[in-house]
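Report on the structure given below.
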2 protein chains.
Amino acid sequence: MVVTIRDVAQIAGVSISTVSRALASPDKVSAVTRVLVEDTARTMGYRANRAARGLVTGRTTSIGLVVPDLENPFFGSICKGVQARARSAGYSVFIADTDEDPSLEDEAVRNLTKQVDGVIICSARSTDAALQQAAGDGPLVLVNRALPGVPSITFDNGGGARVVMRHLIALGHRRIAYVAGPVTSWSNRERTLALQAFAAESDHVDLIELGNFPPVFSGGMQAADLAVASGATAIVAFNDLVAVGVIERLRQRGLQVPADLSVTGFDNVPVSTLVWPNLTTVDFPRIQMGRASVDALLDTVLHRTSIRPAITQIPVELVVRQSTAPPPQRA
Amino acid sequence: MVVTIRDVAQIAGVSISTVSRALASPDKVSAVTRVLVEDTARTMGYRANRAARGLVTGRTTSIGLVVPDLENPFFGSICKGVQARARSAGYSVFIADTDEDPSLEDEAVRNLTKQVDGVIICSARSTDAALQQAAGDGPLVLVNRALPGVPSITFDNGGGARVVMRHLIALGHRRIAYVAGPVTSWSNRERTLALQAFAAESDHVDLIELGNFPPVFSGGMQAADLAVASGATAIVAFNDLVAVGVIERLRQRGLQVPADLSVTGFDNVPVSTLVWPNLTTVDFPRIQMGRASVDALLDTVLHRTSIRPAITQIPVELVVRQSTAPPPQRA
DNA sequence: CTAATCACTGCAAACGTTTGCACAATGGAC
DNA sequence: GTCCATTGTGCAAACGTTTGCAGTGATTAG
C-alpha cells in the first residue's frame with residue numbers, strides 16, 4: 001500500500017541505510033548511488049514517514065503556534081508570517097486557538113510541548129508563572145508579551161505611543177483622551193505607561209484616561225461619549241476597532257472627524273482603510289513579527305542558544321491618514 | 001530527561017503493556033491497577049509519545065488544513081471552527097497557508113497527506129484533476145468547493161443569490177448590477193448562475209453584469225462607476241469587501257447609499273457592521289462550516305465511509321441592514 | 001474435587017526510520 | 001609491492017509505543 005524506505009532500497013538494489021543517507025545527507029554517498037536512489041524514490045512516490053524519523057531523531061520538524069483567536073485578523077497575520085517562515089525552514093505548524101481562555105492556553109501548550117520541537121505563544125493570556133513553567137518544559141517563544149528569561153518578540157508599544165502623542169501635540173492638541181484596552185493586556189499596560197510618561201514631560205498637555213474598555217467596536221462606542229464630555233480634542237484609542245467604534249458614535253452625535261475631534265488607533269488592521277475617514281494609526285508589522293518569532297524559536301531549537309533569551313523589539317511606525325487634524329479654533 | 005512508558009511501568013511495578021492498556025483502554029485492566037497506573041503517570045508527568053504511537057497504529061490523530069490566506073478573516077473563521085471541532089475530537093491541526101497559489105496548494109497537500117489522518121482543503125484553487133488525485137492519496141474533504149466523488153462542504157451560494165434578488169425586487173428595484181468576483185472562483189460561478197436564472201424568470205428585471213473584479217476593496221472602487229453609468233438602482237457585490245469599496249466610491253461621487261443606490265454584499269464578515277451604512281449581506285456561517293468539515297473528515301477516517309462522498313450544502317441567510325432601501329422615486 | 005471459563009497481566013514482535021560501527025574497495029605515497 | 005588513508009556501503013541497534021498471544025490464578029459449573 002504505502003511505500004517505505006525498504007521498498008525503495010529493494011528496487012534500487014541498495015541497503016536501507018544507503019537510501020536514508022542518499023536522501024538526508026547526500027554528501028555521504030557516491031554521486032551515482034545518490035542519483036539512483038533519488039530517481040527510484042521519486043518514481044515510487046516515496047515520502048519518509050515523519051513519525052518513524054521523529055522517533056529516532058527525537059525531532060519532529062514541526063512547531064506549535066498558540067493564538068487567542070484565529071478570527072481576529074491581527075492574529076491571522078501573525079499566523080501567516082509564522083507559517084510562511086516555518087515552511088521555508090522545512091517545518092510544519094500545529095495551530096491551537098485558545099478562545100482567549102487562559103486555561104485552554106495552558107492546556108494547549110502542555111499538549112503541544114511534547115509533540116513539537118518548540119512552541120510559539122501569541123499574546124499569551126496566561127500567568128507569568130505558567131509561562132515560566134512552560135518555558136522549562138521545552139523551547140518556547142513569546143510573541144507580543146515580554147517575560148524575563150524567556151525569548152520574547154514584542155512590538156515597540158512605547159515608541160508607538162510616543163509617536164502618536166508627538167503627532168497630536170504637533171497638530172496643536174493639548175487635551176488628549178486615552179481609551180484603554182483590557183487591564184489584563186500586556187500591550188495596553190505598555191502603551192498606557194508611555195502615554196503617561198510622555199504627557200508628564202510635555203508642557204501644557206493633559207492626558208485624560210477614560211478607563212478600560214473591551215478592545216472592540218462596541219468598546220469605542222461606549223467610550224466616545226466620555227471623551228466628548230471630557231473636553232478632549234483628540235482621542236487615542238487602544239486599537240483600530242475601538243477607534244472605528246469611537247468614530248461611529250461621534251458620527252451618530254453629529255460630530256465630524258477630524259474637524260471636531262481627531263481619533264487615532266493602533267495596529268493598522270485592514271479595516272482602518274475601509275472606514276471613512278481612514279484611520280491615522282500605528283502600523284504593527286505583524287507578518288514580520290510572525291517570521292521573527294520562528295527565527296527566534298529555531299535559533300533556540302537548533303543551536304541550543306540558551307545563552308541569551310533576549311527580548312526583541314520590533315519597531316513600529318505612524319501612518320498618518322484622514323482621522324487626525326488640528327483642533328477646531330476656539331470661538 | 002523525558003519520562004517514557006517504561007519509567008511509569010517501573011515505578012508502578014507493572015509491565016509496559018499494562019500501562020499502555022490502563023491509559024488507552026481502561027476496561028482491559030482491573031480497577032485497582034488502572035488507578036495505580038493513572039496516578040503514577042500523572043505524578044510523573046507522563047505524556048505518550050505521539051510519534052511512537054503513530055508508528056505502530058498508523059494513525060496520527062492530527063489533520064491537515066489548507067487555506068489560501070490566513071489573513072483573510074473569512075478563512076480565519078473557518079480555521080477557528082476546524083480547530084475547535086478537531087480538538088474536541090482529540091485531533092490536532094496542521095495548518096498550511098498557500099498564499100492563493102495553486103502550486104503551493106498542491107505541494108502543501110502532498111506534504112500533509114502522508115503525515116496526517118486526513119486533509120481539509122478550503123476554497124481550493126487547484127484543478128479538479130489535482131484534487132481528484134489528492135483524494136485518491138488519502139482522506140480528503142473539500143470546503144467551499146464541490147467536486148463529484150469527493151466529500152465536499154459548500155455554502156448554498158445559489159440560495160444566497162436568490163434571496164438577495166428577491167429582497168431587492170421586493171424593494172422595487174428593476175435594474176440590478178452584479179459586480180462579479182474572480183473568474184476562477186467556484187463560488188462566483190455559482191452565484192452568477194443563480195442570479196442570471198432568477199433574473200430570467202422574473203418579469204421586468206434586468207441583471208447587468210459589470211464584469212469580473214478583484215474580490216477586495218479596490219475591486220469595488222473600480223466597479224462603482226460602471227454601476228452608476230449602467231443606470232442600475234441596486235448593486236450586488238461579490239462579497240462584503242467589494243461592497244464596501246463600491247460604497248466608498250459612491251460616497252466620493254456624492255451619491256448616498258441607500259437613498260440613491262442600494263448595495264449588498266456576501267459573507268457577513270465583521271467589517272460589514274463597521275462601515276456606514278451597515279451592509280445588507282448574506283451570512284455564511286463559517287465556523288459551522290469548519291466544524292462540519294471536520295465531522296465529514298472524521299467520518300471518512302474513522303468509519304471508512306467510502307460509501308457516499310456527499311456534497312453537503314450549508315444554508316445561508318439574508319441579513320438586512322442599512323445599505324438597501326427602495327429605489328429613488330423617478331422625477 | 002475436577003475441569004472449564006474467565007479476568008487480568010506480561011512477553012515479545014512490530015511499526016519505519018536514523019546512525020554508530022565495521023568492513024570492503026579504491027587510490028596514493030613510499 | 002606494501003601500507004595507510006579515504007570513501008562508500010551494509011549491519012544492526014535503537015527510538016517509544018501498541019497489540020496478538022500465551023500464561024497465571026481465581027472463579028464457577030458440574
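Numbers restart at 1 for each chain; the letters A, B, ... are given by sequence-line order, proteins then strands.
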- Query: What residues form a side chain to side chain donor-acceptor pair (under 3.5 Å) with A/D101, not counting sequence neighbours?
  - Reply: A/S103

- Residues in side chain to side chain donor-acceptor pair (under 3.5 Å) with B/T57, at least two apart? none

- Item | Approximate separation, where rounding is to 0.5 Å, of A/T127 OG1 and A/E105 CD | 9.0 Å

- Task: Using a 4.0 Å cut-off on protein heavy atoms (strictly under), produce a 5'-to-3' string for nucleotides 7-18 of chain C with B for base contact, S for backbone-only sugar-phosphate contact, and - for none.
- Result: -SBBBB--BBBB

- Message: Quick check on contacts: within residues 108-116 of chain B, what sits under 4.0 Å from DNA chain C by heavy-atom distance?
- Response: none

- Note on the structure: Applying side chain to side chain contact (heavy atoms under 4.5 Å, CB included) to B/S25 and not counting sequence neighbours gives B/R21, B/D27, B/K28

- For B/D99, all residues meeting salt bridge (charged side-chain N to carboxylate O under 4.0 Å, His left out), sequence neighbours excluded: A/K80

- Without hydrogens or angle criteria, can the side chains of A/T61 and A/R53 be said to hold a donor-acceptor pair below 3.5 Å? no

- Test item: side-chain donor near acceptor, A/T113 and A/R110, under 3.5 Å: no

